[in-house]
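Have a look at the structure below, then the notes.
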2 protein chains.
Amino acid sequence: MQNPPSDYDAKRVAHWREVLRANGYRITPTREAVLRALSAGNYALEATEIFERARRFAPHLGLVTVYRTLDAMLSLGLVERVHCTGQCSLYVAAEEGHHHILVCRKCRRVWHFSGDDLTNLMNDVANESGFVIEDHWLQLVGLCPECRDS
Amino acid sequence: MQNPPSDYDAKRVAHWREVLRANGYRITPTREAVLRALSAGNYALEATEIFERARRFAPHLGLVTVYRTLDAMLSLGLVERVHCTGQCSLYVAAEEGHHHILVCRKCRRVWHFSGDDLTNLMNDVANESGFVIEDHWLQLVGLCPECRDS
DNA sequence: CCGTAACTGAAAATCATTTTCATTTAGCCC
DNA sequence: GGGCTAAATGAAAATGATTTTCAGTTACGG
Ligand SMILES: [Mn+2]
Ligand SMILES: [Mn+2]
Ligand SMILES: [Zn+2]
Ligand SMILES: [Zn+2]
């Protein structure tokens, strides 16, 4: 009758499972452990942190599988890379649709936002430079509500 | 009477030399070779590429010195890091003042621009999220005039 | 069930960056 | 134009993250 408290987002994991399967990937216990580890999605994590978390669900998991699953998920747009001053190998669950990220520089909590409109800027820069602009990459950095107090 | 064609920006090198000196760094032939290698400033370069270029000016140069000089220049804001999809360890000469970068994804040519105004967006996101936003990273990616044709 | 291509973890290989250390040198003071 | 000394140097070793290899295992369509 009681639901055990879950430290992962079952709904999101189910969705990811479908996307992976639909793209020819097999659903294995180890792979699912990585999905669960990432599904909370509120923090930018290093590969080793994902590894540690995922091991709770699949103790014999190897770090290699984390990297391989991340590759698959990156190519399907299910996770995205988070860039930082020093280290640029952080990962976080991606939201659907066009959006960008605001990261807490202290605890790496992630806030997703959309609604940026850079078309004017990009047109100006394209005209001035002669480049064809294909993509824009925007990330905000700051302190989350909890970290700014302490 | 003739000036040899120089593959570096002597003026910029002179300026960097002054900034380094003013901050307690010594001017050595190897360090200056790295300055020259970076001074053209139109391309985002990997450490090893800087190394190769700098070796033309100081053949016995070690790669370690490239890293050490890059650290010094980064901390003084003379070069900046360029982030890419795969590799985030590219460097390019920084312009003065607030600006951002447009990079050619094929040849890594860099165009510097300014004039972005994200204050409205940042205020909205700050209010919604509760974060204090301290910094914004913006980078455009595309194809330079030459690469878009070929 | 079966067959097979996909997936797995351990170990080794690779690659970028940092540390160590003995030697050299830039820049300051006579 | 010498010295002096802390800063800088390069070779080599250490580190750390990621990738490759490979022999065994497994998901899943038929
Ligand atoms: Mn956008
Ligand atoms: Mn800006
Ligand atoms: Zn925080
Ligand atoms: Zn180009």
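By convention in this document, chain letters (A, B, ...) are assigned in the order of the sequence lines, proteins followed by strands, and residues within each chain are numbered from 1. Excluded from the calculations below are hydrogen atoms, water molecules and symmetry mates; all remaining heavy atoms, backbone and side chain alike, are included. Because the structure is predicted, anything quoted here is derived from the model rather than measured.
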Item to check | Rounded distance (Å) that lies between atom C1' of dT24(C) and atom CG of L61(B) | outcome: 15 Å
Next on the checklist: Below the 4.0 Å mark, does dA27(D) have OP1 or OP2 next to a side-chain nitrogen or oxygen of R31(A)?
Outcome noted: no
Checklist entry - Is NZ or CZ of R36(B) both nearer than 6.0 Å to the six-membered ring centre of F57(B) and within 45° of the ring axis? => result yes
Checklist outcome for this item: Sorted by number, residues from residues 14-25 of chain A placing a heavy atom under 4.0 Å from DNA chain C are Y25(A)
Item to check | Qualifying salt bridge (charged side-chain N to carboxylate O under 4.0 Å, His left out) pairs, either residue in residues 84-100 of chain A, two or more places apart | outcome: R12(A)-E95(A)
Next on the checklist: Count I, L, V, M, F, W, Y as connected when their side-chain heavy atoms are under 4.5 Å apart, and connections chain through other members. Are L20(A) and L61(A) then in the same cluster?
Outcome noted: yes
Item to check | Parallel, tilted or perpendicular: rings of H136(B) and H98(B) (30°, 60°) | outcome: tilted
Item to check | E80(B) and H99(B): CA distance, side-chain angles, deciding distance, side chain to side chain donor-acceptor pair (under 3.5 Å) verdict | outcome: CA-CA 11 Å; E80(B) 57 192 298; H99(B) 66 275; 2.7 Å; yes
Checklist entry - To which residues is W137(A) joined in a hydrophobic cluster, defined by side-chain heavy-atom contacts under 4.5 Å among Ile, Leu, Val, Met, Phe, Trp and Tyr, whether direct or through other members? => result V141(A), W137(B)
Checklist entry - From the list dA5(C), dT8(C), dT9(D), which nucleotide is the closest neighbour of the side chain of R26(A)? => result dA5(C)
Checklist entry - Would you say a side-chain N or O of T28(B) is under 4.0 Å from OP1 or OP2 of dT25(C)? => result no
Checklist outcome for this item: In whole angstroms, the gap separating C1' of dT8(C) from NE2 of H60(A) amounts to 9 Å
Checklist entry - Which pairs, with at least one residue in residues 54-63 of chain B and sequence neighbours excluded, count as a salt bridge (charged side-chain N to carboxylate O under 4.0 Å, His left out)? => result D7(B)-R56(B)
Next on the checklist: If hydrophobic residues (ILVMFWY) are linked whenever their side-chain heavy atoms come closer than 4.5 Å, directly or via other members, who joins V110(B) in its cluster?
Outcome noted: V82(B), L90(B), V92(B), I101(B), V103(B)
Item to check | Separation of dT18(D) C1' from L90(A) CG (nearest whole Å) | outcome: 15 Å
Checklist outcome for this item: With B for base contact, S for sugar-phosphate-only contact and - for none (protein heavy atoms under 4.0 Å), nucleotides 14-23 of chain C reads --SSBBB---
Checklist outcome for this item: To the nearest angstrom, the CZ-P distance between F51(A) and dA17(D) comes to 12 Å
Checklist entry - CG of L70(A) versus C1' of dC7(C): gap in Å, rounded? => result 16 Å
Item to check | Full working for side-chain contact (heavy atoms from CB on, under 4.5 Å) between Y8(B) and R53(B) | outcome: CA-CA 10 Å; Y8(B) 63 92; R53(B) 288 182 178 223; over 6 Å; no
